[in-house]
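Below is one structure, written out as structure tokens; the observations come after it.
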Amino acid sequence: MVCGGFTCSKNSLCVLNLLYILVSLLLIGIAAWGKTFGLVTSFSVVAGVIGVGIFLFLIALIGLLGAIKHHQVLLFFYMIILFLVFVVQFSISCASLALNENQQNHFLEVGWNKSVETREDVEGYLNCCGFNEVNINETCKVHCTNLTCKPCGPILRTYAGEVLRFVGGIGLFFSFTEILGVWLTHRYRNQKDPRANPSAFL
């Protein structure tokens, strides 16, 4: 039987939203784990990741409830919000894949100068000091002399391109699952429940 009926659309939408719930719980758990074990000391980074996880969880919950109950209003708002998330995520993913080396360097330097906590984390993990050059007068988390320390900028640049390609690819993949969710929701909203009263409107 072709997957075009009411039950198949409902089950597909439920599975997709359960996947989103798992991803959101994974985001929240990893951010909390990183903060608990001291892997990330920046509160704003952890709060941002947990905020995205909670937002995704709430959207997936709305979609799951709307799919189970065939609730027209919930499905409508779920479809609109999911489409907006698709547009934003698709744009960010394409931008991260399209950044050239000069733009990457600019964003790395802006981020380096903006957050002291993140700078200290990077210096501790990568065993480096300073961004473009080692400055003895500045405080550095790593204890080393001017001759043994390496600046963090070149080390970060080697990883930045790989990370941007990876994150952009993952974001692009999930953006296509979101447009699939919008399409499934639109189709499911317009289908009549075979168990419902035949004279009832959808």
Side-chain angles (χ1 to χ4, degrees), residues 2-34 40 42 44-104 106-108 110-111 114 118 159-193 201-202:
V2 178
C3 185
F6 180 85
T7 306
C8 186
S9 297
K10 176 181 180 178
N11 291 340
S12 301
L13 207 52
C14 287
V15 167
L16 188 65
N17 284 299
L18 286 173
L19 174 72
Y20 287 152
I21 287 175
L22 288 175
V23 169
S24 68
L25 292 176
L26 191 67
L27 278 173
I28 294 168
I30 287 175
W33 176 76
V40 181
S42 175
S44 58
V45 171
V46 173
V49 173
I50 289 177
V52 168
I54 290 172
F55 177 75
L56 182 60
F57 181 81
L58 292 175
I59 297 303
L61 199 61
I62 289 171
L64 189 62
L65 289 173
I68 290 171
K69 297 185 177 226
H70 198 238
H71 195 282
Q72 294 293 316
V73 176
L74 284 178
L75 288 171
F76 175 76
F77 282 112
Y78 170 74
M79 186 172 63
I80 296 299
I81 293 170
L82 200 63
F83 180 73
L84 293 175
V85 170
F86 161 75
V87 169
V88 170
Q89 187 170 340
F90 184 77
S91 304
I92 291 173
S93 298
C94 290
S96 66
L97 289 171
L99 281 177
N100 63 29
E101 196 171 325
N102 291 333
Q103 292 167 328
Q104 290 175 21
H106 172 71
F107 285 124
L108 283 173
V110 167
K114 201 168 194 174
T118 306
Y159 294 115
E162 295 173 20
V163 169
L164 283 172
R165 281 191 295 275
F166 178 74
V167 170
I170 295 290
L172 212 55
F173 170 75
F174 274 104
S175 67
F176 285 118
T177 66
E178 288 159 5
I179 203 67
L180 173 69
V182 170
W183 176 73
L184 275 172
T185 306
H186 176 70
R187 192 175 78 169
Y188 179 60
R189 277 189 77 230
N190 294 322
Q191 290 176 333
K192 188 173 274 201
D193 189 348
F201 177 72
L202 289 179

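These values consider heavy atoms only, across backbone and side chains, with no hydrogens, waters or symmetry-generated copies. The structure displayed is predicted, hence computed values, not measured ones.
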Quick one: pull up [atom1] in [X] and [atom2] in [Y] and give me the separation to the nearest 0.5 Å.
X      : Y     : atom1 : atom2 : value
Gln103 : Ser96 : CD    : OG    : 11.5 Å
Ile50  : Ile54 : CD1   : CD1   : 6.5 Å
Cys14  : Leu19 : SG    : CG    : 13.0 Å

Going by the rule side chain to side chain contact (heavy atoms under 4.5 Å, CB included), which residues pair with [X] if we only count those two or more places apart in sequence or in a different chain?
X      : value
Ile170 : Phe166, Phe174
Leu26  : Ile30
Leu22  : none
Tyr159 : Leu126, Ile155

**Message:** Any non-hydrogen side-chain atom of Leu74 less than 4.5 Å from a side-chain atom of Lys69?
**Reply:**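 Of all side-chain heavy-atom pairs linking Lys69 with Leu74, none is under 4.5 Å.
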**Contact check, side chains of Ile179 and Trp183, non-hydrogen atoms, under 4.5 Å** = no
**Message:** So does Gln191 get a backbone contact from the side chain of His70, meaning a donor-acceptor N/O pair under 3.5 Å?
**Reply:** yes
**Message:** Please check: side-chain N/O of His71 versus main-chain N/O of Ile62, any donor-acceptor pairing under 3.5 Å?
**Reply:** no
Closest heavy-atom pair and its distance - [X], [Y]:
X      : Y      : answer
Ala60  : Ile21  : CB-CG1, 3.5 Å
Ala160 : Leu108 : CB-CD1, 3.9 Å
Ala67  : Tyr188 : O-OH, 2.6 Å
Cys94  : Leu172 : SG-CD1, 4.2 Å

Check: residues 77-90 side-chain donor-acceptor pairs under 3.5 Å, at least two apart:
residue, atom, partner, partner atom, Å
Tyr78, OH, Asn17, OD1, 2.7
Gln89, NE2, Gly171, O, 3.0

**Request:** List in chain and number order the residues that pass side-chain hydrogen bond (donor to acceptor under 3.5 Å, both in side chains) with Thr177, two or more places apart in sequence or in another chain; answer none if no residue qualifies.
**Result:**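 If we apply the side-chain hydrogen bond (donor to acceptor under 3.5 Å, both in side chains) test to Thr177, skipping adjacent residues, the hits are Tyr20.
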